[in-house]
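Below is one structure, written out as structure tokens, with a few remarks after it.
The analysis underlying the following values was restricted to heavy atoms, covering all of them including side chains, and did not include hydrogens, waters or symmetry mates.
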Amino acid sequence: MLNASTMLSAGHQQLHIMGVRSGMPSPVVTRFAPSPTGYLHIGGGRTALFNWLFAKHNGGKMLLRIEDTDRERSTPEAVDAILAGLTWLGLSWDGDAVSQAARAPRHREVAEQLLAKGRAYRCYCTAEELDEMRSLAQAEGRPPRYNGMWRDRDPSQAPAGVNPVIRFKAPQTGETVIEDQVQGRVVIPNKDLDDLIILRSDGNPTYNLSVVVDDHDMGVTHIIRGVDHLTNAARQTQIYLAMEWAVPVMAHIPLIHGPDGAKLSKRHGALGVEAYRDMGYLPAAMRNYLARLGWSHGDDEVFTTQQMVEWFGLESCGKSAARFDFAKLENLNGHYMRHTDDAELLEALIGFLPHVEGGPQMLKAIDASMRAKLIAAMPGLKERAKTLIDLKIGAAYLFVTRPLNMDDKAQTILADSGRQALHSLLPVLQASEWNAPALEAAVKAHAEATGLKLGKFAQPLRAALTGTSTSPGIFDVLVVLGREESLARIADQSASA
RNA sequence: GCGCCCUUCGUCUAUCGGUUAGGACGGCAGCCUUUCACGUUGCAGAGACGGGUUCGACUCCCGUAGGGCGCGCCA
């Protein structure tokens with residue numbers, strides 16, 4: 001059975017959707033509204049990305065609002081971390097970030113209006129009474145909800161010395177309809193929505209009131225957020241209706257789960273975005289990966305941010321939760337690394353070094369000549385790196401100083417007739433011109449002359465030059481290192497004695 | 001407990017009543033090869049289950065099972 005407010009709800013939604021579809025002069029305004037109780041986690045990052053993409057796609061704006069009405073848990077450090085996280089991801093917002101707490105007076109004003117309209121009432125229950133109410137309901141197998149004790153009670157019965165809260169007088173029959181752009185039509189029975197507190201006893205607003213007032217005042221046209229807010233959407237819809245405000249278009253996107261399918265926890269995926277930066281992922285790769293979690297464009301897997309903006313649409317968002325898959329992220333990141341311009345990638349590496357162990361020392365050693373070497377080595381290096389950490393490790397041979405430390409595999413290579421190979425090769429290299437084709441020709445000729453495979457010389461060379469068993473193509477390494485340094489490193493390991 | 005939502009290869013997904021159910025990551029095998037990668041070729045791999053509707057269901061409806069989210073003077 002439908003009541004008037006339900007129908008009004010549906011009507012409002014319909015009007016709004018039609019308005020957007022017919023291209024009425026209502027520019028799209030989205031918002032990202034994190035609460036500053038910690039870092040920007042990956043789910044929040046994707047929500048921000050979707051809001052950003054939707055706004056950009058429609059030539060609109062994305063606003064940023066910090067939901068800091070919980071004074072106990074909000075911290076300025078968390079605000080900084082969130083702004084830094086968004087910035088790292090390359091997501092910009094329009095205008096200044098709005099502090100929700102700063103708008104408390106306006107929220108109070110609306111609470112008073114609701115009171116005056118008879119759509120809210122004062123409730124004098126104490127926290128303890130509410131706890132009892134909940135546990136009693138639980139024990140009796142009833143939903144843990146407020147029993148409406150003060151809903152219709154005369155205010156004259158108010159106990160002395162108790163600061164009341166203000167509760168929203170929610171409809172108790174009928175249903176609330178949300179025409180969700182991702183979830184479809186969602187119908188919530190009003191009997192399951194109790195009279196939520198909109199103003200605390202200390203006079204501060206609570207979340208559900210603040211969001212509605214702020215979204216309305218900020219002109220938000222589209223609310224894109226996680227499905228965990230779906231039931232809040234029904235409550236908020238009722239507040240919009242009570243205030244006779246237009247209900248924004250809503251889109252509740254699925255959540256991201258950890259690799260095991262369970263809720264994200266610190267153990268697996270719920271890391272701050274800066275943790276992904278520290279793991280050596282590129283923001284562009286991160287954006288691409290995140291976009292593919294819950295959104296798709298046919299069979300496309302790799303696309304530029306510009307393409308993402310062009311293609312993004314709420315209708316292409318899925319409804320089911322996705323698991324976070326590091327293997328795929330890593331693969332994508334490797335693709336982005338390989339396709340990033342050498343100079344640009346070097347800058348990314350330099351920007352990354354402060355955040356990784358051993359990075360700062362490496363950073364200090366980067367002068368003009370090291371820069372040149374890194375650029376020269378980059379094509380071979382980036383081919384083998386999936387993350388900036390890989391790149392840093394791969395570049396290490398450029399930074400080490402003689403005599404090089406040999407890792408286990410390098411030692412084995414050298415011990416196993418490697419030193420003899422180097423000994424015989426040394427004069428050949430000394431006689432060669434110092435460029436890759438000439439060096440390769442010289443070594444190959446030597447190998448043929450001695451009847452040995454190229455590998456018999458290449459691997460010992462690699463060990464002597466890098467101290468490891470893997471590196472970019474060995475002739476490129478010789479060139480990047482230069483004649484003098486290369487010959488010295490080889491001599492260090494050759495069995496000349 | 002109540003409400004809402006979800007369910008295609010191991011993972012992310014395409015499909016919008018008619019396909020040998022496609023792609024990507026991962027896996028396996030081969031090729032390339034001075035190492036490691038890259039690249040490339042091939043292989044294995046999916047519609048949770050049960051009922052309907054229909055000439056025809058992955059696709060629509062109902063139920064079951066499993067999973068998720070919500071039910072704060074948190075957001």
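As a whole-Å value, the separation of A:Asp325 CG from B:U11 P is 10 Å. Here the C1' atom of nucleotide B:A75 and the CZ atom of A:Phe32 are 12 Å apart, to the nearest Å. To the nearest angstrom, P of B:C6 lies 18 Å from CZ of A:Arg323. Spacing between atom CG of A:Leu40 and atom P of B:A75 amounts to 19 Å, rounded to whole angstrom units. In this entry the distance linking CZ of A:Arg103 with C1' of B:A75 reads 17 Å, nearest Å. Taking atom CZ of A:Phe324 as the reference point, atom P of B:U13 lies 12 Å away to the nearest angstrom. Computed from coordinates, the A:Tyr207 OH to B:A75 P distance equals 9 Å when rounded to whole Å. Residue A:Leu209 contributes atom CG, which lies 11 Å from atom P of B:A75 at whole-angstrom precision.
Heavy-atom nearest nucleotides on RNA chain B were determined for A:Gly318 and for A:Ala327, and the one closer to the 5' end corresponds to A:Gly318. Along RNA chain B, the nucleotide closest to A:Asn163 and the one closest to A:Arg46 are compared, and the more 5′ of them pairs with A:Arg46.
Across all strands shown, A:Glu301 has heavy atoms under 4.0 Å from base atoms, whether or not it also approaches the sugar-phosphate. Across all strands, A:Val443 comes closer than 4.0 Å to no nucleic acid atom at all (heavy-atom distances). As judged by a 4.0 angstrom heavy-atom cut-off over every strand, A:Thr37 is placed among residues making no nucleic acid contact. Using a 4.0 Å heavy-atom cutoff across all strands shown, A:Cys125 reaches at least one base atom of the nucleic acid. Contact annotation for A:Val165: base contact, defined as any heavy-atom pair under 4.0 Å involving a base atom.
With B:C12, B:A14, B:C4 as the candidates, the nucleotide lying closest to the side chain of A:Ser296 is B:A14. Ranking B:C6, B:A75, B:G72 by closeness to the A:Asn208 side chain, first place goes to B:A75. Here B:A75 is the nucleotide among B:C12, B:A75, B:G23 with the atom lying nearest to any side-chain atom of A:Asp70.
Using P as the reference atom, B:C28 and B:C36 are 15 Å apart when rounded to the nearest Å. Nucleotides B:A46 and B:U15 have their C1' atoms positioned 13 Å apart, rounded to a whole Å. For the C1' atoms, the distance linking B:C31 with B:C6 amounts to 43 Å, nearest Å. Look at the C1' atom in both B:U13 and B:G1: the space between them is 36 Å, to the nearest Å. B:G42 and B:G22 have their P atoms separated by 14 Å, given to the nearest Å. A gap of 11 Å separates the P atoms of B:C71 and B:A75, to the nearest Å. Taking atom C1' on both B:A44 and B:U11, the two are 16 Å apart, rounded to the nearest angstrom. For the C1' atom pair drawn from B:C58 and B:G72, the interatomic distance equals 41 Å after rounding to whole Å.
Base pairing of B:C36 is not made with any nucleotide, judged by Watson-Crick or G-U wobble geometry with both donor-acceptor distances under 3.5 Å. Searching all strands for a Watson-Crick or G-U wobble partner of B:U64 with both distances below 3.5 Å returns B:A48. Pairing for B:U54 is absent, with no Watson-Crick or G-U wobble pair whose two atom distances lie under 3.5 Å. Pairing for B:G42 goes to B:C28, judged as Watson-Crick or G-U wobble with the two contacts each under 3.5 Å. Base pairing of B:C71: its partner is B:G1, meeting the Watson-Crick or G-U wobble criterion (both donor-acceptor distances under 3.5 Å).
Under the 3.5 Å distance criterion, with hydrogens and angles disregarded, a donor-acceptor pair is assigned to the side chains of A:His107 and A:Asp214. Using modelled atom types and a 3.5 Å distance limit, the side chains of A:Ser99 and A:Asp68 yield a donor-acceptor pair.
Counting heavy atoms from C-beta outward, A:Leu86 and A:Leu40 have side chains that approach closer than 4.5 Å. Two residues are said to be in side-chain contact when any heavy atoms from C-beta on lie closer than 4.5 Å; A:Val211 and A:Arg225 meet this criterion.
Checking each of A:His446, A:Glu448, A:Glu440 against A:Lys444 for a side chain to side chain donor-acceptor pair (under 3.5 Å) leaves exactly one that passes, namely A:Glu440. The only option from A:Thr237, A:Ile188, A:Asn232 that meets the side chain to side chain contact (heavy atoms under 4.5 Å, CB included) definition with A:Leu193 turns out to be A:Ile188. Evaluated for a side chain to side chain donor-acceptor pair (under 3.5 Å) with A:Asp195, the options A:Arg151, A:Arg167, A:Gln172 yield exactly one hit, A:Arg151.
Between A:Lys382 and A:Asp342, at least one side-chain N (NZ, or NE/NH1/NH2) sits under 4.0 Å from a carboxylate O, which counts as a salt bridge. Using a cut-off of 4.0 Å between Lys/Arg side-chain N and Asp/Glu carboxylate O, A:Asp492 and A:Arg489 are scored as not salt-bridged. Remark: A:Glu67 engages A:Arg65 in a salt bridge, criterion side-chain N to carboxylate O under 4.0 Å.
Here A:Asp228 pairs with nothing under the salt bridge (Lys or Arg N to Asp or Glu O under 4.0 Å) rule; sequence neighbours left out.
Counting atom types as modelled, A:Thr206 pairs no side-chain N or O with a base atom of B:C73 as donor and acceptor under 3.5 Å. A donor-acceptor contact under 3.5 angstrom links the side-chain atoms of A:Lys328 to the base of B:C12.
Under the 3.5 Å distance criterion, the side-chain polar atoms of A:Asn190 are matched with a main-chain donor or acceptor of A:Thr173.
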Under 4.0 Å protein heavy-atom contacts per nucleotide of nucleotides 59-71 of chain B, with B for base, S for backbone only and - for none: ---------SSSB
Reading 5' to 3' through nucleotides 33-43 of chain B, protein heavy-atom contacts under 4.0 Å coded B for base, S for sugar-phosphate only, - for none: -BBBBSS----
